[in-house]
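This report refers to the structure that appears directly beneath it.
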Amino acid sequence: MYHHTSGPYISTMNLAVLGAQWGDEGKGKIVDLLSPRFDLVARYQGGHNAGHTVYVRGRKFVLRLIPSGILHDSVTCVIGNGVVVDPTALFAEIDELVAAGVTVGRRLLISDKAHVILPYHRDLDLLSEARRGERKIGTTSRGIGPAYEDKVARRGIRIGDLADPTALEKNVRDNVTARNRLVSETTMDWRPVLERLLEQAERLRPWVCDVSLALSEAMRAGRSILFEGAQGTLLDIDHGTYPYVTSSNATVGGVCTGLGVGPRAIGAVLGVVKAYTTRVGEGPLPTELLDERGQRLRDTGNEYGSVTGRPRRCGWYDAVAVRYAVRINGLDAVALTKLDVLDGLDRIDICTAYRCGDRLLSEFPSDLDQLARCEPVYESIPGWASPTKGAHRWADLPENAQRYVVRLEEVSGVPAAIVSTGSERDETIVREGVLAI
Ligand code: IMP
């Protein structure tokens, strides 16, 4: 029977949650916290380069590919076509969750249009970094960039393609042959790659579906969706600090292209921002602190990559960058994370503008060379002596911490709907009335 499914779908229920800085803002905690209010949580881009850390009753989960809603039994988790999937990494993650007592079962949907990361993508990632020398990106070496390169070059292998062994054989053979031409140091045999993929196809099959259709049906049935971004606005392939970016659209546009939903399916957009700034990998970071103050943020905030273990570069809050994220994503509000990391500091700086030569810039520059020459213009405000750690009511925050949050809202041009004061779910202040969630 034919069901008429066209026409606008306007939902105010659905929420996009995405990174408003250079990634690692604490999206995992925020998505986990908000998940019980939604029926589905859908990832729209990135791959296992992401590391969304969630602490539940002292237990640590690092989710890489699986949406951070998985820890709630009532939530269905969706991996969209915009995500690149390494089946080996996916199965390892599922096995870890199952071992920890989390049931995945039928609660997972994977798009048949998502592209597969193959073993040679990792080789090509390492090779490309080695060849760039001093201009290296500092990737997570998970093969993310090369998998997206194959997608755009129209030679990629999609999850749905695993169901056709004959076509798959030719595709794998061609791709491995191309890999062997590029990597002269080692030769890869295509046969084991194919065998492995065919085995993996069996395990993947029950989860594979047309995600766009599944989401459309869910919305028509009145179910709500949280759209989960990975990485952050400044790492976006189009709007980030190119070429020092990841290879996908981490910004809000990625929701539509990465899941097959219309723009009106997004009811509101919540950016996640840290109370200071971090970045992992290369590229400009105007507020970076190369002294003991940066080290203090790194140590107190445990700023070491959850996927690669690399130390993160740390600096003060950059309101120019956050205002840019507000503009690019149309942010309705932010979730401000890791406020407690600033506990005990005498003074805290906030970057409100950049100085570039004799020019004062209030907008994030489009040009990377100009950004690299920018010096932050700081406003210094007093810190607080008593801890914010664990506070779950606004009134429990020391007055200076409240002033800091309010000042960040003013200079960033966006309200803070959530303030996170620790890694556990209940170490959170939800400011009612800021965002209808
Ligand atoms: P790729 O995504 O592995 O290609 O890495 C490209 C850039 O994005 C590098 O600077 C990485 O450090 C950065 N990156 C990728 N994923 C994440 C993430 O989840 N958090 C923070 N940075 C990331």
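Quick caveat: nothing in here was measured; it's all calculated off a predicted structure. All residue numbers refer to positions in the sequence shown, counting from 1. Atoms within each ligand, like the ligands themselves, are counted from 1 in listed order.
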Practice task
With side chain to side chain contact (heavy atoms under 4.5 Å, CB included) as the test, would you mind laying out the steps for L361 and R355 before giving the verdict?
Solution key: CA-CA 6 Å; L361 303 180; R355 187 173 304 285; over 6 Å; no
Practice task
Apply side chain to side chain contact (heavy atoms under 4.5 Å, CB included) to W207 and R205, showing your working.
Solution key: CA-CA 5 Å; W207 294 308; R205 191 173 302 139; over 6 Å; no
Practice task
For E96 and R64, run salt bridge (charged side-chain N to carboxylate O under 4.0 Å, His left out): C-alpha distance rounded to whole Å, both residues' side-chain angles, the deciding distance at 0.1 Å, then the answer.
Solution key: CA-CA 12 Å; E96 270 172 46; R64 293 170 291 263; 3.2 Å; yes
Problem - L109 vs I79, side chain to side chain contact (heavy atoms under 4.5 Å, CB included): CA-CA, chis, key distance, verdict - result: CA-CA 6 Å; L109 304 177; I79 295 181; over 6 Å; no
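Under a 4.0 Å heavy-atom criterion, V245 is in contact with ligand 1. At least one heavy atom of Q231 sits closer than 4.0 Å to an atom of ligand 1. Using a 4.0 angstrom heavy-atom cutoff, G138 counts as in contact with ligand 1. Distances shorter than 4.0 angstrom occur between a heavy atom of R310 and an atom of ligand 1. In this structure, A50 counts as a contact residue of ligand 1, since one of its heavy atoms falls inside 4.0 Å of the ligand.
For ligand 1, the polar-atom distance check finds no N/O of E282 at less than 3.5 Å from any of the ligand's N/O atoms. The N/O atoms of T139, backbone and side chain alike, include none that comes under 3.5 Å of an N/O atom in ligand 1.
The nearest heavy-atom contact from the protein to atom 20 (N) of ligand 1 is D24 OD1, 3.0 Å. Looking only at protein heavy atoms, the nearest one to atom 3 (O) of ligand 1 is T140 OG1, 2.6 Å. The closest protein non-hydrogen atom to atom 10 (O) of ligand 1 is V280 O, 3.2 Å.
Per-residue contacts place G281 under 4.0 angstrom from the following atoms of ligand 1 (heavy atoms of the residue considered): 10 (O). Of all atoms in ligand 1, listed by their number and element, those nearer than 4.0 Å to a heavy atom of W22 are 21 (C), 22 (N).
No side-chain heavy atom of T337 sits less than 4.5 Å from a side-chain heavy atom of V273. Side-chain contact between C256 and I266: present, with at least one pair of heavy atoms (C-beta onward) separated by less than 4.5 Å.
Of the listed options L235, T246, T241, T308, L235 places a heavy atom closest to atom 13 (C) of ligand 1.
Pairs of residues two or more places apart, or lying in two chains, that qualify as salt bridge (charged side-chain N to carboxylate O under 4.0 Å, His left out) and include a residue from residues 294-305 are K274-E303, E303-R312, E303-K338.
Environment of NE2 in H72: crowded, with over 12 heavy atoms of neighbouring residues, nucleotides or ligands closer than 6.0 Å.
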